[in-house]
Peer 1: 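Sending over a structure as structure tokens; questions will come in a sec.
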Amino acid sequence: MKLITAIIPEEKLDEVREALIDAEIERITVLRVSGHGRQQEITIQRGKKVVPNLIPKVQITIACNDAFEDITVDTIIRTARHGEGQVGDGKIFVQDLQDCIRIRTGERGGQAI
Amino acid sequence: MTWKRCLGLAAACAVAHPLLAQGTAAPVNDSGATAWMLTSTTLVLLMVPGLAMFYGGLVRTKNVLGTMMHSYAAMAVVGVLWAVVGYALSFGPNALGGLIGWDSKLFLLRGIDHTILPAGIPEYAFAMFQGKFAIITPALIAGAVAERISFRGWLAFITLWVLFVYCPLCHWVWAPDGYFFNLGAKGAIDFAGGTVVHISSGAGGLALALFLGARHGYPKTAMAPNNLTFTLLGAGLLWVGWFGFNAGSSVASNLETARALTVTQVAAATGALTWILIETIRDDKATSLGMASGILAGLVVITPAAGVVQVGGAIALGAIAACCCYGMILLKNRLGYDDSLDAFGIHGTGGIVGALGLTFFIRDAWWVEAGAKVPGWGILSQLRVQGFAVLCTIGFSVVMTLIIAALVQKLIGFRVSEAVEKTGLDHELHGERAYGLNNLN
């Protein structure tokens, strides 16, 4: 089992989510997060340039069985990328997942996902 | 409607221009009436931030500021426009065969520096009071096309819309020499703006929503309100401001003012009560959005009627309006067009129900006066006048709105790109975000 964490641009959430659902990956958790990578976002407030040090992004967390890792990652890359790709498109982290438990039934492992 | 009586000298000189009427003695300022009119003007302006909050709470988090800016833009744009030419176009004597009014003396309000109206109030107070109506009317349209229009397109649109839709309509309905003012026995009844404000903005909004098309993902994606606390507060501010809107439309501080205020209160409460009852019976739960919608439905329906109906009529109209508006929103969901925040569903529908429905609840004294002017004047004859005014308003507003929208789309661009729509108006068009809490900065 894998735990996939993706940090994506806010405006791409709908597209990514719809594509994931089309690929039959329907169990996801979404969070609003702030952080910084290499992207700089300059805004102007009352005529003054402001460079916020933390930029809002959306984080998607998906737990899946090994067979679904590639399709999940590919779907996110395909839909979250701006055109040919630009700074700020985000990152995906894939980790091994030790266990997964469905609280309702107490099932464990792959079938609980 | 009613200020014909207040501004005019006597029933006999109804043909003369009340705004220019000169009695044997120059009118004297009535401090009571002036104080109330200034208060009303302030109350009506308060409705605009109220509307901004109402709409701002209903959109998604990414469009809160953009949506609130639509209302505030109307304050800025129309606030200037009205003083420069709007008042002259609306309340000047007939020009172009009565299609619109015009008086060069009213340009920049230059000619009214010393004027006290026959109603005993300075003309400045009347002009500013009317100006607030011109501000809120285009702002209402924003609800129909929320979350997908560009800010510049909106600025251009409201400028043209006020000049070519609001001012002519306002002239027809409220200027003493306007078309609708002189229909039938005692004119088409529109006390405070059922046709001019609500039907025109509702029908125009619907036309604009169809012209621009639905938001990306509508209706498949759920588009939940971001903050109903705002919406409830906005509805509350609108309710309070509406006392100025309706009771101020008597252009006096007297019995008629108190009558208008009373029926406004009763209709708003009935609308709210009816809506939450419908929800409780149909869906088992009364929602805060339903409460806010019911308040608005009741307020809109009583707007044209506030001068002629009594408490019984106000209760009936409030209840009917809530049912019709609720039904209209169900119908919208079935038809699938994207009147995003139900500008037509509530303002258009409520306005039409009010303008037609009021005919059945007019107080007896009014019928006596009408009968004295045209013998045998009855419900059917008045209903025909009301229906004519409603149809003309819908037709005129829809056609003109479409022409203006096409022009703005072609010259400036009205609908935002898909990328802007997805990121949200706040960040893309204004470089800001509404809620700091969601961003740790």
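Reminder, nothing fancy here: chain letters follow the sequence lines and each chain counts from 1.
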Peer 1: Do E10(A) and R433(B) make a side-chain contact, defined as non-hydrogen atoms from C-beta onward lying under 4.5 Å apart?
Peer 2: yes

Peer 1: Report yes if some heavy atom in the side chain of V420(B) is under 4.5 Å from a heavy atom in the side chain of E11(A); otherwise report no.
Peer 2: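 Counting from C-beta outward, V420(B) and E11(A) never come under 4.5 Å.
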
Peer 1: Can you tell me if Q86(A) has over 12 outside heavy atoms packed within less than 6.0 Å of its CD?
Peer 2: yes

Peer 1: Do the side chains of K422(B) and L13(A) get nearer than 4.5 Å, heavy atoms only?
Peer 2: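 No. Closest side-chain heavy atoms not under 4.5 Å.
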
Peer 1: Within the supplied structure, the quantity of interest is the number of heavy atoms (other residues, nucleotides, ligands) at a distance under 6.0 Å from R102(A) CZ; does it exceed 12?
Peer 2: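 Check passes, neighbour count above 12.
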
Peer 1: Between chain A and each of E428(B), E432(B), H427(B), count heavy-atom pairs under 4.5 Å; write down the option with the most.
Peer 2: H427(B)

Peer 1: Under 4.5 Å between any side-chain heavy atoms of K12(A) and T423(B), yes or no?
Peer 2: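 Answer no - side chains too far apart.
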
Peer 1: For I71(A), does the CD1 atom sit with more than 12 other heavy atoms under 6.0 Å from it, leaving out its own atoms?
Peer 2: no

Peer 1: Check whether more than 12 heavy atoms from other residues, nucleotides or ligands sit under 6.0 Å from atom CD1 of I103(A), and answer yes or no.
Peer 2: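 It does not: I103(A) CD1 has 12 such atoms or fewer within range.
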
Peer 1: Give a yes or no on whether D70(A) atom CG has more than 12 heavy-atom contacts from other residues, nucleotides or ligands under 6.0 Å away.
Peer 2: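 Check passes, neighbour count above 12.
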
